[in-house]
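Letters A, B, ... mirror the listed sequences (proteins, then strands); counts begin at 1.
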There are 2 protein chains.
Amino acid sequence: MITRRSTITDVARLAGVSIKTVSRVFNQEPNVRQSTRDKVIAAAETLKYRPNQSARQLASNLTFVIGMLYDNPNSDYVTEVQYGALQVCRENGYDLLIHPCHADSPGLIDDVSGLQHRVDGFIVLQPVSDILPLNQLLLENNIPCVRVSQRPFIQFPWISVGDMAAAEQMTEYLLNLGHRRIGFIVGHPEHGSSHDRLAGYRRALERRDIAFDEDLVEQGMFDYESGYTCARNLLLSAERPTAIFASNDPMAMGVLSAAHEVGIEIPGQLSVAGFDDSPLARHAWPPLTTVRQPITEVARLATDVLMQKLQGRLKGDFDHRLEAELVRRASTGRPN
Amino acid sequence: MITRRSTITDVARLAGVSIKTVSRVFNQEPNVRQSTRDKVIAAAETLKYRPNQSARQLASNLTFVIGMLYDNPNSDYVTEVQYGALQVCRENGYDLLIHPCHADSPGLIDDVSGLQHRVDGFIVLQPVSDILPLNQLLLENNIPCVRVSQRPFIQFPWISVGDMAAAEQMTEYLLNLGHRRIGFIVGHPEHGSSHDRLAGYRRALERRDIAFDEDLVEQGMFDYESGYTCARNLLLSAERPTAIFASNDPMAMGVLSAAHEVGIEIPGQLSVAGFDDSPLARHAWPPLTTVRQPITEVARLATDVLMQKLQGRLKGDFDHRLEAELVRRASTGRPN
DNA sequence: AGCACCGATGACAGCGCTGTCATTCTTATA
DNA sequence: TATAAGAATGACAGCGCTGTCATCGGTGCT
């Protein structure tokens with residue numbers, strides 16, 4: 001019943017070749033006659049041969065696994081990133097090891113340090129990608145990685161999304177609708193994007209010569225609850241804004257709830273905009289105007305670049321920026 | 001600069017023992033004197049020694065990785081499961097390989113078949129856990145796994161959540177509020193839970209001697225869009241229900257949107273209930289009454305049982321059921 | 001003291017594969 | 001037809017660890 005799993009030796013014997021030739025076939029190496037190749041494949045098929053990864057790894061010092069380092073409270077974002085990365089992984093015969101972690105955890109460095117020999121490289125997502133000691137660890141140990149971040153680090157390949165430009169665009173859109181008092185809810189202070197999005201908001205105001213009003217800016221934490229609280233502050237203030245731009249969708253959901261609760265009509269009395277275009281946004285009531293980040297694409301690209309790097313196909317540095325896109329839905333409109 | 005990674009031999013040399021003794025220390029094997037153990041640990045520390053997983057795997061025929069097989073459109077569910085599983089994995093020095101898959105994909109079996117040697121065992125989530133050929137593959141190849149499902153398969157350990165009871169309880173709750181015409185939106189037909197939840201709904205009606213009305217039941221697909229469509233059907237029908245119970249939260253969100261759109265007040269004119277208690281539910285307007293599934297706990301338990309199995313600590317069969325819990329929020333109330 | 005026993009340690013083979021280098025077979029060219 | 005160049009293949013060592021079995025040394029008993 002318990003049949004021993006077949007090995008490269010079995011295949012070699014059945015095909016009448018040496019194990020090295022079998023190895024060649026399975027690693028797509030050149031210089032194998034087509035007829036030999038066919039023999040080997042046929043033999044492998046009848047024996048249901050699967051290369052032993054461990055042996056392969058040990059001999060080649062490769063794991064065919066990549067790790068994904070992230071710390072993101074947003075599950076939509078996480079699954080979408082995983083999805084994109086997995087697509088590319090599978091195309092290349094790699095597997096994905098996920099490693100969510102707390103950016104502020106003291107054990108992080110040790111943790112990753114232990115992981116380094118279980119993977120060939122890492123995809124490091126924001127905000128983990130901005131942790132200096134981690135980047136240094138990766139650098140010192142010469143571990144291939146691709147960073148998704150708003151800022152570069154040494155010569156690591158990195159991919160960014162035009163957060164600032166997108167925030168600027170959204171603010172502009174609200175201004176064009178006729179809004180002048182636009183509330184803004186900042187994201188988690190440790191997250192690089194938070195600053196960029198705020199900067200985009202400010203820049204749009206500047207370009208229109210509208211004074212930046214600190215009272216219209218609230219500090220959130222990227223979660224629903226903080227969005228709710230900030231929105232209450234804004235909505236119950238003496239001179240309430242006619243629009244609120246939250247730095248991500250969960251916070252915008254909080255704004256929606258706060259507004260509903262106070263009896264403010266959307267978008268009639270208040271326009272609400274989010275950021276990220278999570279499924280949440282489409283399913284809110286009313287559906288949220290937001291910014292669509294090409295998350296899957298970012299993940300695919302990052303993984304692809306990592307593959308290139310692992311296979312030595314990456315020449316020179318790499319940095320790439322993808323643009324986010326405005327998604328207009330029913331939560332925004334002209335002010336009364 | 002590029003220093004060779006230290007191996008067991010280096011540690012053995014520095015500690016003045018044989019490599020086997022080092023191996024013993026790192027595998028927590030008995031029969032090593034404490035003083036020896038200390039020497040080895042000290043040596044390992046100064047050399048920053050990390051066991052090479054590949055070598056370990058090859059020699060022991062173990063990977064210290066477990067795979068997670070799932071197919072779930074709901075990202076909250078997925079991340080929560082991952083989170084729970086990872087907790088237990090880390091406690092045991094295991095890593096987690098995720099493998100989302102389409103339950104109806106023809107390549108599934110092959111896919112998993114290829115994975116089998118990269119992991120020591122699988123956690124198989126619904127609805128993948130109900131795919132017969134897959135279970136057979138796991139059985140035939142004698143691959144340890146734990147199934148999360150509503151139904152058993154052979155003697156595989158399995159964990160279920162009391163879906164039916166929970167749906168019954170929710171229906172009862174709505175009945176107790178005074179509702180008599182309760183719409184029900186069924187989940188994805190391929191997903192085992194869908195049937196159980198419907199069965200729970202029916203049972204609650206029966207126990208109150210309320211006739212089951214087919215016109216009150218709509219077939220959904222577990223996503224927002226289908227919830228929306230089904231809700232429209234129900235709400236625009238001649239005699240519309242006073243409450244709608246959707247088989248999961250995204251569909252309940254769809255109901256909310258449809259109701260808002262038609263101008264139906266919630267919960268004044270319509271009570272809405274969901275299932276799963278995803279973050280979505282808390283953040284909806286009004287916040288959704290729903291059923292809280294102990295997802296993290298399920299994941300933790302499943303992983304723990306798998307660990308037991310892998311370490312030969314699991315004696316006999318294992319099946320366990322966790323109960324879901326009613327979460328009352330503002331989307332339900334007495335009918336007018 | 002002599003013996004059996006058990007805890008502590010080591011020697012060594014081998015897990016299944018890849019890398020290196022040697023060897024053999026083809027093919028093109030003079 | 002002889003010869004060199006290159007393609008195709010194979011032999012074999014080792015990757016770093018664990019499992020097996022042998023060995024050593026201390027302890028308690030007679």
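- B:K39 has its NZ atom 14 Å from the P atom of C:dA8, to the nearest Å.
- A donor and an acceptor atom, one from each side chain of B:N141 and A:R5, are nowhere located under 3.5 Å apart.
- Note on A:N31: a side-chain N or O is less than 4.0 Å away from OP1 or OP2 of D:dA8.
- Side-chain contact check for B:Q126 and B:Y77: no donor-acceptor pair (N or O, by modelled atom type) lies under 3.5 Å.
- A cation-pi arrangement is absent between B:R147 and B:F153 under the rule of less than 6.0 angstrom and at most 45 degrees off the ring axis.
- Computed from coordinates, the A:R13 CZ to D:dG10 P distance equals 14 Å when rounded to whole Å.
- Of all non-hydrogen atoms in B:S149 and B:S129, the two that sit nearest each other are CB-OG, 3.4 Å.
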Expected string for nucleotides 16-29 of chain C under the B/S/- scheme (protein heavy atoms, under 4.0 Å, primed atoms plus P, OP1, OP2 as sugar-phosphate) is BBBBB---------
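- Phosphate proximity of C:dT9 to B:T21: absent, as no side-chain N or O sits under 4.0 Å from OP1 or OP2.
- Applying the side-chain hydrogen bond (donor to acceptor under 3.5 Å, both in side chains) test to B:T296 and every residue at least two apart in sequence or in another chain returns B:E80.
- Between B:Y49 and B:F26, the ring center distance clears the sub-6.0 Å criterion.
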